Amino acid sequence: MNTGFLNISWWVWGGLALIVAAVFVFFVPAADKVNAATGLQFIIVRWFHSLCWLLIALNFFLRALGGEGASGVANLFGLSGGIVYAIFIVNFIQLSSG
């Protein structure tokens, strides 16, 4: 078995990340403000948090598969998840402060 972070399998980490993504599909923090948003900001504050966790899960699953080049592609998914999360946070803070 390919051990991952903290000696826990990458498959387990990926499963946990998918669970977090699923939770945020159904649970929306500050739902009243999110539902009042419009256009692109609504899409970002409603869906980007789940998208971030989905990208992180893909990162973990690719690491679990191993193989040549998997780590490099996994890093791209991890980086993408970080960028998506940063976009989410900026928009969420703007929405919450407004």
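Please read all numbers here as calculations on a predicted model, not as lab measurements.
- Of all heavy-atom pairs between A70 and G66, the closest is CB-O, 2.9 Å.
- For the ring pair (Phe, Tyr, Trp, His ring centres under 6.0 Å) test, no residue two or more places apart in sequence or in another chain qualifies with F48.
- Tracing side-chain contacts under 4.5 Å through hydrophobic residues (I, L, V, M, F, W, Y), one never reaches V28 starting from V90; they form parts of separate clusters.
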Sequence neighbours left out, cut at 3.5 Å: what donor-acceptor pairs do the side chains of residues 34-45 make with other protein atoms?
from : atom 1 : to  : atom 2 : distance (Å)
N35  : ND2    : A31 : O      : 3.1
Q41  : NE2    : N91 : O      : 3.4

Which atom pairs, one a donor and one an acceptor, fall under 3.5 Å between side chains of residues 54-61 and the rest of the protein, sequence neighbours left out?
from : atom 1 : to  : atom 2 : distance (Å)
N59  : OD1    : R63 : NE     : 2.9

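- Qualifying ring pair (Phe, Tyr, Trp, His ring centres under 6.0 Å) partners for F92, counting only residues two or more places apart in sequence or in other chains: F88.
- Atom CZ of F26 sits about 9.0 Å away from atom OG of S50, to the nearest 0.5 Å.
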Got a list of side-chain donor-acceptor pairs under 3.5 Å for residues 16-23, not counting sequence neighbours?
none

Report, one line per pair, each donor and acceptor closer than 3.5 Å where one atom sits in a side chain of residues 76-85; sequence neighbours left out.
from : atom 1 : to  : atom 2 : distance (Å)
S80  : OG     : L76 : O      : 2.8

